Amino acid sequence: MSSFRAYRIRATGATVQGGYETLTLDDLAPGEVVIQARYSSVNYKDALAATGTGRILRRFPLVGGVDVAGIVAESADPRFLAGDEVLVTGCGLGESHDGGYSEVVRIPGDWVLPLPDGLSLFDAMALGTAGFTAALALDRMEQNGQQPGHGPVIVTGATGGVGSIATDLFSGQGYEVVALTGKADAADYLGMLGAGTVLQRQALAMGARPLEPAQWGGAIDNAGGDTLAWLTRTVKPWGCIASIGMAGGSELHTTVMPFILRGVSVLGITSANCPMSRRQRIWRRLAGDLRPRHLEHIVSDTIDLDGLGAAFDRVLAGQHRGRIVVRINHNCG
Ligand SMILES: NC(=O)c1ccc[n+]([C@@H]2O[C@H](COP(=O)([O-])OP(=O)(O)OC[C@H]3O[C@@H](n4cnc5c(N)ncnc54)[C@H](OP(=O)(O)O)[C@@H]3O)[C@@H](O)[C@H]2O)c1
């Protein structure tokens, strides 16, 4: 562990670029728990951060990767012992604190979760931030009264990481799922995950009235922008919209009509700073009643650290499907 390999992001003037470096523990941000990483994953945010396409990183240089799963190597936190299997998602990892794209990761103990029974380290990263976020959205919607009998739940950006897992989770919970995608050839994949109907984003007539005919019992939105505005106008009375992403835009132009005439709720979903007690409960659910039924099909690629650059390009071009797992340590199978 004296030196190890990591994918570190640097800024030179306005140019942000990631590359492979050999580091020692002293190069990493402080923390009580040192983890030998086994797997990480590629999220949209990782691609934005590593390429500078989005202003994600709070300091440079920084090791990328918002997710990690691995084995505790040493711990000054009595809650963790060498040999424990653990995972971390969000909490500033790969954003303000050196992240998961590294053979060795050092993290504050307060961010570390024991691997829930029933999940492998690989499963945990197949889910990663995307799976945690999809489950957090479902949980929040349930707490706000969403039920399958309310009507179909529409999932936007359906072939992405969050979208694929949300499609699987909601159909597994008995919801009728409508998948909205920009990919012409995704119907079989989304149908296999549990979508009853697949709609093409390009063929959508969104209308412009403050209220359009109410069609959806609820919505999982990864797109933002015009798509989220359209959802506010088309969700049925008392339905919930989980606002998760902005793959299509960060602005929201709508009126108060959906809120005051239909009681529609827009629920903000933020995974990175989710409180620990809720985080633990959601991960337990992901290993239990919410465990996706098609996780092996949702993982489209398992890459090594060397494959990160190409993976970021595919994610930013909207060309990939499902989840990309990063195998950090070559001895981990
Ligand atoms: N709030 C949180 O805590 C949180 C957590 C995780 C992710 N996110 C955000 O949620 C979004 C999805 O994350 P992810 O990891 O699932 O990303 P991802 O795997 O890259 O999926 C994004 C999907 O969005 C769709 N898309 C691409 N361009 C679009 C456009 N112009 N308009 C509408 N849809 C478009 C594509 O799916 P189709 O081709 O099927 O349409 C794409 O696969 C991102 O914006 C991400 O930053 C937020």
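Keep in mind it's a predicted model, so treat the numbers as computed, not measured. Order of listing sets the numbers, starting from 1, for every ligand and every atom in it.
Note on V326 and Y44: same hydrophobic cluster, where clusters join Ile, Leu, Val, Met, Phe, Trp and Tyr whose side-chain heavy atoms are under 4.5 Å apart, directly or indirectly.
Proximity of R323 to ligand 1, defined as any heavy-atom pair under 4.0 Å, is not found for any part of the residue. Heavy atoms of A247 found under 4.0 angstrom from ligand 1 belong to the backbone as well as the side chain. With a 4.0 Å cut-off on non-hydrogen atoms, T159 touches ligand 1 through its backbone as well as its side chain. Residue contacts with ligand 1 for T270 involve N, CA, C or O but no side-chain atom from C-beta outward (heavy atoms, distance under 4.0 Å).
Selection from A184, A166, G161 by nearest heavy atom to atom 19 (O) of ligand 1 gives G161. Here atom 13 (O) of ligand 1 lies nearest to V162 when heavy atoms of L180, V162, L199, I165 are compared.
Residue contact check: G182 has heavy atoms under 4.0 Å from atoms 38 (P), 39 (O), 40 (O), 41 (O) of ligand 1. If you number the atoms of ligand 1 from 1 as listed, the ones under 4.0 Å from a heavy atom of A223 come out as 33 (C). Within ligand 1, counting atoms from 1 as listed, the ones closer than 4.0 Å to a heavy atom of S271 are 2 (C), 3 (O), 5 (C). Close contacts of ligand 1 with V315, meaning ligand atoms under 4.0 Å from a residue heavy atom, involve 20 (O).
Protein heavy atom closest to atom 39 (O) of ligand 1, with residue, atom name and distance, is K183 NZ, 2.9 Å. Nearest to atom 2 (C) of ligand 1 among the protein's heavy atoms is I269 O, 3.6 Å. Ranking protein heavy atoms by distance to atom 15 (O) of ligand 1, first place goes to Y44 N, 3.4 Å. Considering only non-hydrogen protein atoms, atom 35 (C) of ligand 1 sits nearest to R201 NH1, 3.2 Å. Here the heavy atom of the protein found nearest to atom 10 (O) of ligand 1 is G245 CA, 3.3 Å. If you check which protein heavy atom lies closest to atom 6 (C) of ligand 1, you get T133 OG1, 3.6 Å. Ranking the protein heavy atoms by distance from atom 48 (C) of ligand 1 puts I244 O, 3.0 Å first. For atom 12 (C) of ligand 1, the nearest protein heavy atom (residue, atom name, distance) is N222 OD1, 3.8 Å.
Taking 4.0 Å as the cut-off, A158 counts as a neighbour of ligand 1 on heavy-atom distance.
Under the 4.5 Å side-chain criterion, counting only non-hydrogen atoms from C-beta, R106 is in contact with L25. Using a 4.5 Å heavy-atom cutoff, the side chains of F170 and E176 are not in contact.
For R279 and T89, the side-chain atoms include at least one donor-acceptor pair closer than 3.5 Å. Under 3.5 Å, the side chains of R293 and S171 contain a donor-acceptor pair of N or O atoms.
Note: an N/O pair closer than 3.5 Å links H320 and ligand 1 by distance alone. Residue-to-ligand polar distances keep T129 apart from ligand 1: every N/O pair is separated by 3.5 Å or more. Considering backbone and side-chain atoms together, M246 places an N or O closer than 3.5 Å to an N or O of ligand 1. Polar contact check, T227 against ligand 1: no nitrogen or oxygen pair lies under 3.5 Å apart. Taking any N or O of G322, backbone or side chain, none lies under 3.5 Å from an N or O belonging to ligand 1.
The one candidate from H297, Q173, H294 that meets the side chain to side chain contact (heavy atoms under 4.5 Å, CB included) condition with D168 is H294. Across R314, R323, R327, R321, a single residue satisfies salt bridge (charged side-chain N to carboxylate O under 4.0 Å, His left out) together with D301, and that is R314.
Electrostatic pairing of D110 and R79 counts as a salt bridge here, judged by a charged N lying under 4.0 Å from a carboxylate O.
Although no hydrogens or angles enter the test, the distance criterion places a donor-acceptor pair under 3.5 Å between the side chain of E212 and the main chain of R209. In this structure, the side chain of D221 does not engage the main chain of S243 through any donor-acceptor pair within 3.5 Å.
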Which atom pairs, one a donor and one an acceptor, fall under 3.5 Å between side chains of residues 186-203 and the rest of the protein, sequence neighbours left out?
| unit_1 | atom_1 | unit_2 | atom_2 | d |
| --- | --- | --- | --- | --- |
| Y189 | OH | S164 | OG | 2.8 |
| Q200 | NE2 | K183 | O | 3.2 |
| Q202 | NE2 | G182 | O | 3.0 |

Show me the donor-acceptor pairs, under 3.5 Å and distance only, between side chains in residues 128-135 and residues at least two apart or in other chains.
| unit_1 | atom_1 | unit_2 | atom_2 | d |
| --- | --- | --- | --- | --- |
| T129 | OG1 | D67 | OD1 | 2.5 |
| T133 | OG1 | T129 | O | 2.6 |
| T133 | OG1 | S271 | OG | 3.3 |

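More than 12 heavy atoms of other residues, nucleotides or ligands sit less than 6.0 Å from atom CG of D84. Within 6.0 Å of CG in D117 there are 12 or fewer heavy atoms belonging to other residues, nucleotides or ligands.
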